[in-house]
Amino acid sequence: VQLQASGGGLVQAGGSLRLSCTASKPILSINNFMGWYRQAPGKQRELVAEITGGGRANYADSVKGRFTISRDNDKRTVYLQMNNLKPEDTAVYYCNANGPDAYSGIEFDYWGQGTLVTVSS
């Protein structure tokens, strides 16, 4: 499975961006996740937001109320709407899909290429 990410860029503080991540085949189910991690220079990669096929979402505390993750009905694409961006949101954002395969139960963990988000002050 390949994950194709898009939507990064340069934005001023307070602005908005939307990231998209499309899987090469449907993989989302009730018990697995697609979402976004980010890694800022000199910092560890951290979870930003993730969502299950059933719509259950988790967010990092630092983005709650500003970011919204959603998925489309065929479960191949997730979106991350990022509002009120702050300079500390500057990072490379990575799409991820993980969890048990809906049919085989085998655990998977896929990563897309990173997309750079830069928020200027």
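None of the values given here were measured: they were computed from a predicted structure.
- Remark: side-chain polar atoms of Q12 are not paired, donor with acceptor, to backbone N or O of S121 under 3.5 angstrom.
- Atom CZ of R71 is separated from atom CG of L28 by 7.5 Å, given to the nearest 0.5 angstrom.
- Note that the CG atom of D101 and the CD1 atom of I27 stand 9.0 Å from one another [nearest 0.5 Å].
- Distance CE/M34 to CG/L3: 5.5 Å, rounded to 0.5 Å.
- Listed here is the closest heavy atom pair of T52 and I30: CB-O, 3.4 Å.
- A cation-pi geometry, defined here as NZ or CZ lying under 6.0 Å from the six-membered ring centre and within 45° of its normal, holds between R45 and Y94.
- Annotation: side chain to side chain donor-acceptor pair (under 3.5 Å) contacts of T90 (sequence neighbours excluded): none.
- Side chain of R66 to backbone of N84: a donor-acceptor contact under 3.5 angstrom is found.
- Outside the 6.0 Å centre-distance limit, the rings of W36 and F67 are not counted as a close aromatic pair.
- Residue pairs meeting the disulfide bond (SG atoms under 2.5 Å apart) criterion with at least one partner in residues 14-65, sequence neighbours excluded, are C21-C95.
- Residues forming a side chain to side chain donor-acceptor pair (under 3.5 Å) with N32 (at least two apart in sequence, or on another chain): S29.
- Side-chain N/O atoms of R38 and Y93 include a donor and acceptor closer than 3.5 Å.
- Within a 6.0 Å radius of CD in Q113, other residues, nucleotides and ligands contribute more than 12 heavy atoms.
- A salt bridge is defined here as a Lys NZ or Arg NE, NH1 or NH2 lying under 4.0 Å from an Asp or Glu carboxylate O, and D89 with K86 fails to meet this definition.
- Heavy atoms only, all atoms of each residue included: S16 and N83 are closest at OG-OD1, 2.9 Å.
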